Amino acid sequence: MDAFYASVEELDQPELRGKPVIVAGPEPRGVVATASYAARKFGIHSGMPTSLARRLCPHGIFLPPRFERYEEMAQRIRTILGEYSPLVEPISLDEAFVDLTGTELLHGPAEKVAETIHKRIPGETGLSCSVGLGPNKLIAKLASDEAKPGGLHIVRPEEVQSFLDPLPVEKLWGVGPKTAARLEEKGVRTVRDLREVPLGFLRSWFGPKGGEALWQLARGLDESSVVPVREAKSISREVTYPEDLFDEEKISDELRRLAFLVADRLQAEGFLARTVQIKARFSDFTTCTRQTKLPEPTDHPVLIAKEAAGLLARLEIPQGQGVRLLGVGAADLVPRTFQPLPLFVDLKLAEALKEMREKFGPEALYLW
DNA sequence: TCTGGGGTCCTAGGACCC
DNA sequence: TCTGGGGTCCTAGGACCC
């Protein structure tokens with residue numbers, strides 16, 4: 001989807017259409033989630049601090065994100081995609097892979113399906129979309145980038161190399177700023193440059209896996225399959241505070257609150273976690289994490305909060321630094337149904353806590 | 001200008017075991 | 001006296017994606 005969040009806002013408030021709409025976290029420390037194309041003309045893009053975006057475009061329309069609404073539209077779009085293949089893999093709210101392999105008999109050639117989808121989504125949702133078609137996920141994704149905004153781009157197998165060659169390496173999936181900078185040092189800027197680097201060099205520069213991955217990317221090779229539903233591997237909550245925290249009690253209160261929110265999500269989604277993680281980012285933006293493995297998987301808020309507190313004690317806050325971000329995570333998840341009931345955890349207590357907090361909000365009750 | 005929140009995957013070092 | 005090689009598990013950090 002093109003400028004998805006901003007487009008949904010324009011759909012719901014037609015008077016905003018064509019204006020510089022910027023969906024962004026609040027100042028002072030929020031960032032831009034999505035900028036409409038009108039806003040991009042001012043140099044605004046995702047990830048940019050909201051405060052900077054406001055300086056660049058003081059008359060812009062700044063809106064806080066409404067994720068429930070975007071989720072609703074995303075669901076409608078996924079339903080349309082699902083008509084053309086059982087294999088639909090959402091990447092995020094606004095992007096998905098559709099595997100059209102073997103659907104010709106039912107729906108006709110993939111090119112036709114891509115055209116149909118490209119017409120149907122705007123027709124039925126009022127939202128602009130871009131469609132890319134290619135022989136694998138890597139190429140399809142790059143083709144859709146090429147199609148933006150609002151286009152359809154098809155890359156046939158014999159066109160893959162000529163399509164890729166002129167692109168700068170950072171367009172490739174998995175090549176970010178760091179890797180691009182290291183490649184640049186070696187004189188590698190485009191995919192064509194990259195393709196001319198022997199595998200041995202890439203391996204020695206980026207390790208066996210990294211080198212191999214780059215070698216494949218440069219050739220448009222991607223064997224990964226379209227996976228409709230993947231099990232969550234971790235669940236986390238984190239918050240950046242408008243002002244750094246210095247008070248130790250405030251910090252541990254916040255950590256406990258986050259631990260409870262993580263426990264809520266574990267329970268809501270039916271998981272138990274064996275690993276508890278915490279994360280802290282300091283005034284100078286350095287980030288520390290600590291994690292620990294539990295003897296038994298749990299979704300118990302008090303247990304998770306206790307582990308988080310123990311981890312916090314192991315993490316020293318550098319002299320003179322405040323805490324700008326705190327996070328709590330749960331990993332090594334196991335579905336609750338596969339887990340025998342733990343004998344010694346106070347189930348009634350967990351139930352009662354959950355009820356109280358559903359009634360009065362997540363901050364209503366703490367135990368320690 | 002001053003850097004979100006939710007994730008995934010990889011690497012490297014150390015502990016430990018045979 | 002100083003010492004192998006292979007494997008697994010755990011932890012911390014970092015790159016990357018949307």
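The model shown is predicted, which means the values in this text are computed figures rather than measured ones. Residue numbering restarts at 1 for every chain, and letters A, B, ... go by the order of the sequence lines.
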Counting neighbours of [atom1] on [X] that are heavy atoms of other residues, nucleotides or ligands and sit closer than 6.0 Å, is the number greater than 12?
X        : atom1 : value
A:Lys171 : NZ    : no
A:Glu243 : CD    : no
A:Glu83  : CD    : yes
A:Glu223 : CD    : no

I need the [atom1]-[atom2] distance between [X] and [N], as an integer number of Å.
X        : N      : atom1 : atom2 : result
A:Tyr5   : B:dG4  : OH    : P     : 16 Å
A:His45  : B:dT3  : NE2   : C1'   : 11 Å
A:Lys209 : C:dC16 : NZ    : P     : 17 Å
A:Ile278 : C:dT11 : CD1   : C1'   : 13 Å
A:Arg324 : B:dC2  : CZ    : P     : 11 Å
A:Leu142 : C:dC17 : CG    : P     : 11 Å
A:Ile44  : B:dT3  : CD1   : P     : 16 Å

Measuring from atom [atom1] of [X] to atom [atom2] of [Y], what distance do you get when rounded to the nearest 0.5 angstrom?
X        : Y        : atom1 : atom2 : result
A:Asp94  : A:Met73  : CG    : CE    : 12.5 Å
A:Thr287 : A:Glu238 : OG1   : CD    : 9.0 Å
A:Leu294 : A:Lys306 : CG    : NZ    : 12.5 Å

Judged by atom type as modelled, is there a donor-acceptor pair below 3.5 Å linking the side chain of [X] to the main-chain atoms of [Y]?
X        : Y        : result
A:Asp222 : A:Asn136 : no
A:Thr190 : A:Asp193 : yes
A:Glu27  : A:Arg54  : no
A:Arg203 : A:Glu212 : no

Which residue lies toward the 5' end of DNA chain B, A:Phe206 or A:Gly47, if each is placed at its nearest nucleotide?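 Residue closer to the 5' terminus by nearest nucleotide: A:Gly47.
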
Which residue pairs pass the side-chain hydrogen bond (donor to acceptor under 3.5 Å, both in side chains) test when at least one of the two sits in residues 122-131 of chain A, sequence neighbours left out?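 Matches after skipping sequence neighbours: A:Asp2-A:Ser128, A:Asp2-A:Ser130, A:Arg120-A:Glu124.
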
Does A:Phe4 have any ring-ring contact (aromatic ring centres under 6.0 Å, His included) partners at least two apart in sequence or in another chain, and if so, which?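 Result, ring-ring contact (aromatic ring centres under 6.0 Å, His included) vs A:Phe4: none returned.
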
Strand DNA chain C in bracket notation, Watson-Crick/G-U under 3.5 Å with | for pairs to another chain: ....||||||||||||||

DNA chain B-proximal residues of residues 311-319 of chain A, any heavy atom under 4.0 Å: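 Close to the strand, none.
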
Do any of residues 51-86 of chain A sit with a heavy atom less than 4.0 Å from DNA chain B, and if so which?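 Hits under 4.0 Å, by residue number: A:Ser51, A:Leu52, A:Arg55.
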
Selection from C:dA12, B:dG4, B:dT3 that lies nearest to any side-chain heavy atom of A:Arg290: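 For A:Arg290, the side-chain atoms sit closest to C:dA12.
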
Under 4.0 Å, heavy atom to any atom of DNA chain C: which of residues 219-240 of chain A qualify?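 Per residue number, the list is empty: none.
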
DNA chain C-proximal residues of residues 171-194 of chain A, any heavy atom under 4.0 Å: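 Under 4.0 Å from DNA chain C: A:Leu172, A:Trp173, A:Gly174, A:Val175, A:Gly176, A:Pro177, A:Lys178, A:Thr179.
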
Do you see a donor-acceptor pair shorter than 3.5 Å between the side chains of A:Tyr70 and A:Glu9?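 On atom types as modelled, these side chains qualify, holding a pair under 3.5 Å.
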
My understanding is that only residues two or more places apart in sequence, or in another chain, count here; which of them pass side-chain contact (heavy atoms from CB on, under 4.5 Å) with A:Ala268?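 Scan of A:Ala268 (side-chain contact (heavy atoms from CB on, under 4.5 Å), adjacent residues dropped) gives none.
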
Mind checking side-chain contact (heavy atoms from CB on, under 4.5 Å) for A:Ala309 and listing every partner two or more places apart, or none if nothing turns up?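 Result, side-chain contact (heavy atoms from CB on, under 4.5 Å) vs A:Ala309: none returned.
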
Inter-nucleotide C1' distance (C:dC16, B:dG4), Å rounded: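 It comes out at 16 Å once rounded to the nearest Å.
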
P-based separation of B:dT3 from C:dC17 [nearest Å]: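 Between the two P atoms, the distance is 22 Å.
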
Using a cut-off of 4.0 Å on non-hydrogen atoms, how would the nucleic acid contact of [X] be classed: base, sugar-phosphate, or nothing?
X        : answer
A:Lys141 : sugar-phosphate
A:Leu93  : nothing
A:Pro208 : nothing

Can you pull every protein N or O that's under 3.5 Å from an N or O on nucleotides 5-10 of chain C?
none

Among residues two or more places apart or on two chains, list those pairs meeting ring-ring contact (aromatic ring centres under 6.0 Å, His included) that have a residue in residues 264-290 of chain A.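 Listed by first then second residue: nothing to list.
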
Output every pair passing ring-ring contact (aromatic ring centres under 6.0 Å, His included) with a member in residues 97-120 of chain A, not counting sequence neighbours, ordered by first then second residue.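 Residue pairs passing ring-ring contact (aromatic ring centres under 6.0 Å, His included), neighbours aside: A:Tyr84-A:His107.
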
Quick check: A:Phe42 with A:His59 (ring centres under 6.0 Å apart)?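 Aromatic pair counts; centres sit under 6.0 Å.
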
Between C:dG13 and A:Thr289, is there an OP1 or OP2 to side-chain N/O distance shorter than 4.0 Å?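 So the side chain of A:Thr289 is within the cut-off, an N or O lying under 4.0 Å from OP1 or OP2 of C:dG13.
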
